[in-house]
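All remarks here apply to the structure that follows.
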Amino acid sequence: MLQPRRCAEGRVPYFMRVEVVRRLRHVAVEFFTLAGGSYTSTARAASGELLKVDLPFPIEFDPAVLLP
């Protein structure tokens, strides 16, 4: 995927990928941290689970709240 690579080249320290499948009422979120010029997955959660991240600021939520 081009977007994460461009963000890494621009030294964006954090990247979040959100995948929504409305037909299945499913959401998955994965949080990445820039390390050594590329992103490393630091947290992930799907509908019904909690995504918890402390940096760049504390956040905790169930990805299902992103569904309409």
Salt bridge (charged side-chain N to carboxylate O under 4.0 Å, His left out) contacts touching residues 58-68 (sequence neighbours left out): none

Cluster overlap Val29 with Tyr14, hydrophobic side-chain contacts below 4.5 Å: yes

All side-chain contact (heavy atoms from CB on, under 4.5 Å) counterparts of Arg22, not counting sequence neighbours: Val20, Pro68

Atom pair CZ (Phe32) and CE (Met16), whose distance is rounded to the nearest 0.5 Å: 10.5 Å

Where at least one partner belongs to residues 41-68, residue pairs that pass ring-ring contact (aromatic ring centres under 6.0 Å, His included), sequence neighbours excluded: none

Val65 with Val53, same ILVMFWY side-chain cluster at under 4.5 Å: yes

Approximate separation, where rounding is to 0.5 Å, of His26 NE2 and Glu19 CD: 6.0 Å

Show which side-chain atoms of residues 34-49 pair as donor or acceptor with protein atoms under 3.5 Å away, not counting sequence neighbours.
{"residue": "Tyr39", "atom": "OH", "partner": "Val12", "partner atom": "O", "Å": "2.7"}
{"residue": "Ser41", "atom": "OG", "partner": "Glu30", "partner atom": "OE2", "Å": "2.7"}
{"residue": "Thr42", "atom": "OG1", "partner": "Phe31", "partner atom": "O", "Å": "3.3"}
{"residue": "Thr42", "atom": "OG1", "partner": "Thr33", "partner atom": "OG1", "Å": "3.3"}
{"residue": "Arg44", "atom": "NH2", "partner": "Glu30", "partner atom": "OE2", "Å": "3.3"}
{"residue": "Ser47", "atom": "OG", "partner": "Val27", "partner atom": "N", "Å": "2.8"}
{"residue": "Ser47", "atom": "OG", "partner": "Val27", "partner atom": "O", "Å": "3.4"}
{"residue": "Glu49", "atom": "OE1", "partner": "Ala46", "partner atom": "N", "Å": "2.8"}

same_hphob_cluster(Val18, Ile59) at 4.5 Å side-chain heavy-atom cutoff: yes

